Amino acid sequence: MIDLAKVVSGTRDRNLRLIVSIELVESVSKRVVGKRLFVITDKGVLENRNSEITVKLLEPDVKEISDNVSAFIEYLSQRS
């Protein structure tokens with residue numbers, strides 16, 4: 001709600017938040033074996049309210065997402 005109020009009032013902060021949802025599905029049975037939701041926050045990366053979100057800006061986040069997914073898969077494999 002706070003972020004929505006900031007956008008409406010034109011006082012958007014310089015932070016970028018990515019909400020990542022993962023659902024791992026077993027290929028044969030199509031059964032969901034795990035779900036995970038996490039947030040990646042990049043503080044102060046946007047220069048102003050008109051800053052574009054580019055692939056270059058997101059590159060470090062791709063590694064963090066990949067690392068999180070890998071750790072989650074490893075955790076699930078150790079559980080079974």
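Being a predicted model, the structure only gives us computed values, none of them experimental.
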- Item | Set of residues satisfying side-chain contact (heavy atoms from CB on, under 4.5 Å) with respect to Val62, sequence neighbours excluded | none
- Task: Run the numbers on Leu18 and Leu58 for side chain to side chain contact (heavy atoms under 4.5 Å, CB included), then give the verdict.
- Result: CA-CA 9 Å; Leu18 299 174; Leu58 297 176; 4.0 Å; yes
- Message: Restricting to side-chain contact (heavy atoms from CB on, under 4.5 Å), what partner residues turn up for Val28, sequence neighbours left out?
- Response: Glu26
- By salt bridge (Lys or Arg N to Asp or Glu O under 4.0 Å), which residues pair with Lys56, not counting sequence neighbours? none
- Query: By the rule that ILVMFWY residues connect when side-chain heavy atoms come within less than 4.5 angstrom, directly or transitively, which residues belong alongside Val55?
  - Reply: none
- Message: Using every non-hydrogen atom in the two residues, find where Ile65 and Phe38 come nearest and quote the distance to one decimal.
- Response: CA-CZ, 4.2 Å
- Please list, chain by chain and in numerical order, all residues satisfying side chain to side chain donor-acceptor pair (under 3.5 Å) with Asp61, sequence neighbours excluded. none
- Message: If the condition is side-chain contact (heavy atoms from CB on, under 4.5 Å), which residues does Ser21 pass it with, not counting sequence neighbours?
- Response: Leu37
- Message: Considering only residues two or more places apart or on different chains, which pairs with a residue in residues 27-38 satisfy salt bridge (Lys or Arg N to Asp or Glu O under 4.0 Å)?
- Response: Glu23-Lys35
- State which residues pass side-chain contact (heavy atoms from CB on, under 4.5 Å) with Leu24; sequence neighbours excluded, sorted by chain then number. Ile22, Val33, Phe72, Ile73, Leu76
- Task: Give the other cluster members for Val32, using side-chain heavy-atom distances under 4.5 Å between Ile, Leu, Val, Met, Phe, Trp and Tyr residues; answer none if it is isolated.
- Result: Val25
